[in-house]
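Let me begin by presenting the structure, written as structure tokens, before commenting on it.
Order of listing sets the numbers, starting from 1, for every ligand and every atom in it. As a basis for the values below, the full set of heavy atoms in this structure was taken, side chains included, without hydrogen atoms, waters or symmetry mates.
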Amino acid sequence: MAINKVMVIGAGQMGSGIAQVCAQAGFDVLLNDMNAEALDKGMKNIEKLLTRAVEKERISETNKANTLNRLTPSKDLQDAQSVDLVIEAIVENMEVKSNVFGELDQIAPKHAILATNTSSLPITEIAAKTTRPDQVIGMHYMNPVPVMKLVEIIRGLQTSDETYQAIEDMTHKLSKTPVEVNDAPGFAANRILMPMINEAIFALQEGVASVEDIDTVMKLGMNHPMGPLTLADFIGLDTCLYIMEVLHDGYGDSKYRPCPLLRKYVNAGWLGKKSGRGFYQY
Ligand code: NAI
């Protein structure tokens, strides 16, 4: 199936990055957000990142101009009627995502693939909200999208081989590396990453070491480019908590219980970099 026109829904940190890499790779992109301010911020953020890439001589001025020309802001979900692929990157909440997929199923052309960038929610359940579960798939990008090479492609129970192949081909066109994963709580990336972050927070809570020292252990000791507490702040502590809850509910295993200190920070509104305070101050 040929994919030419893409709609990205959600212009937040993930959606704006996804829209940028799709436009840079030559796809026509509609970036949609129901919040006008968030849409404006997302569009400006893309322009800022492209300007920085020109300054660093990673892309040309022409490349930047062409990328911006391929990007169109959208406030109306009805715009999905002209696209071949939708990539949803809105809030990590099953009810909200389900409603959007139900609407998209009515609006998008019959051939269109509906993909979600969910970090942890079951693809099979999202797909069941549509009349085209064979054309629903997980396309899980990593943060920050323009930098990170991996895309986890998650097959729901009913995802067709044709849908999988179209998304794998597109991932290659974005110069990213696809990994095929089956639908299971946390998929592969967050099943492995989040318990590590959660354990780092337990270590902090129990006074095993300071924030900085825990991060230093993992950076210098394990060669991680970023410590787990810094990474948690970048991902968003609310997102981390949400994913731990999905793992805990999904597997029913106490080893996935979210650390109380993580919950406390989220309740305090300390969500990491995006709120100005998490394990570090920004
Ligand atoms: P964000 O909070 O930065 O952005 C979400 C955007 O969606 C907001 O601008 C909001 O206005 C918009 N939105 C919410 N409901 C909408 C609707 N019904 N229609 C249109 N727009 C709507 O969130 P972020 O971090 O970009 O995450 C988005 C998704 O990506 C989530 O599912 C998250 O789990 C996933 N994800 C997040 C990663 C991260 O590191 N933050 C990494 C990989 C996946």
Side-chain angles (χ1 to χ4, degrees), residues 7-21 30-46 49 73-80 83 86-108 114-123 125-126 129 137-154 171 176 179 181 185-194 197 226 228 230-247 266 269 271-276 278:
M7 178 189 250
V8 179
I9 306 182
Q13 55 176 344
M14 294 305 290
S16 61
I18 296 167
Q20 179 186 331
V21 296
L30 289 166
L31 179 57
N32 172 280
D33 204 296
M34 62 179 197
N35 177 333
E37 216 173 291
L39 182 59
D40 190 46
K41 195 171 155 204
M43 292 294 290
K44 286 200 173 115
N45 199 34
I46 294 173
L49 289 178
S74 150
K75 288 181 196 137
D76 191 353
L77 211 58
Q78 290 295 332
D79 294 337
V83 305
V86 176
I87 306 172
E88 167 277 313
I90 64 170
V91 62
E92 186 78 346
N93 176 300
M94 186 47 124
E95 203 185 327
V96 182
K97 284 196 198 290
S98 293
N99 289 339
V100 167
F101 271 76
E103 276 185 68
L104 283 171
D105 190 37
Q106 306 289 317
I107 301 167
L114 308 180
T116 170
N117 181 51
T118 178
S119 317
S120 59
L121 297 172
I123 306 304
E125 196 178 328
I126 295 173
K129 310 293 181 211
I137 194 161
M139 195 176 193
H140 182 208
Y141 294 79
M142 305 294 130
N143 187 15
V145 181
V147 177
M148 302 299 279
K149 288 280 167 221
L150 178 71
V151 177
E152 260 190 322
I153 306 182
I154 304 111
T171 304
K176 300 211 178 280
V179 169
V181 179
F187 314 132
N190 283 320
R191 168 101 179 250
I192 299 164
L193 172 68
M194 279 305 156
I197 288 178
M226 197 182 271
T230 303
L231 181 56
D233 274 358
F234 276 57
I235 293 169
L237 301 191
D238 49 344
T239 304
C240 292
L241 176 60
Y242 197 82
I243 297 169
M244 283 312 297
E245 282 169 343
V246 167
L247 289 171
V266 172
L271 307 182
K273 195 163 181 269
K274 64 184 168 189
S275 75

Polar pairs, ligand 1 vs protein, N/O only, below 3.5 Å.
unit_1, atom_1, unit_2, atom_2, d
ligand 1, 3 (O), Q13, N, 3.1
ligand 1, 9 (O), D33, OD2, 2.7
ligand 1, 11 (O), D33, OD1, 2.7
ligand 1, 11 (O), D33, OD2, 3.4
ligand 1, 21 (N), M34, N, 3.4
ligand 1, 25 (O), Q13, NE2, 3.3
ligand 1, 26 (O), Q13, N, 3.4
ligand 1, 26 (O), M14, N, 2.9
ligand 1, 30 (O), N117, ND2, 2.9
ligand 1, 32 (O), I90, O, 3.2
ligand 1, 32 (O), E92, OE1, 2.5
ligand 1, 32 (O), K97, NZ, 2.8
ligand 1, 34 (O), E92, OE1, 2.8
ligand 1, 34 (O), S119, OG, 2.5
ligand 1, 36 (N), S119, OG, 3.2
ligand 1, 40 (O), N143, ND2, 3.1
ligand 1, 41 (N), Q13, NE2, 3.2
ligand 1, 41 (N), I235, O, 3.3

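Contact check for I90 versus V100: side-chain heavy atoms found under the 4.5 Å cut-off.
No donor-acceptor distance shorter than 3.5 angstrom exists from the side chain of K97 to the backbone of E88, with no hydrogens or angles considered.
Within 6.0 Å of NZ on K41 lie no more than 12 heavy atoms contributed by other residues, nucleotides or ligands.
Side-chain N/O atoms of E92 and S120 include a donor and acceptor closer than 3.5 Å.
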Where do M14 and N143 land on the side chain to side chain contact (heavy atoms under 4.5 Å, CB included) test, with the steps shown first? CA-CA 7 Å; M14 294 305 290; N143 187 15; 3.7 Å; yes
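Looking at D238 and K274, a side-chain N of the basic residue comes within less than 4.0 Å of a carboxylate O on the acidic one, giving a salt bridge.
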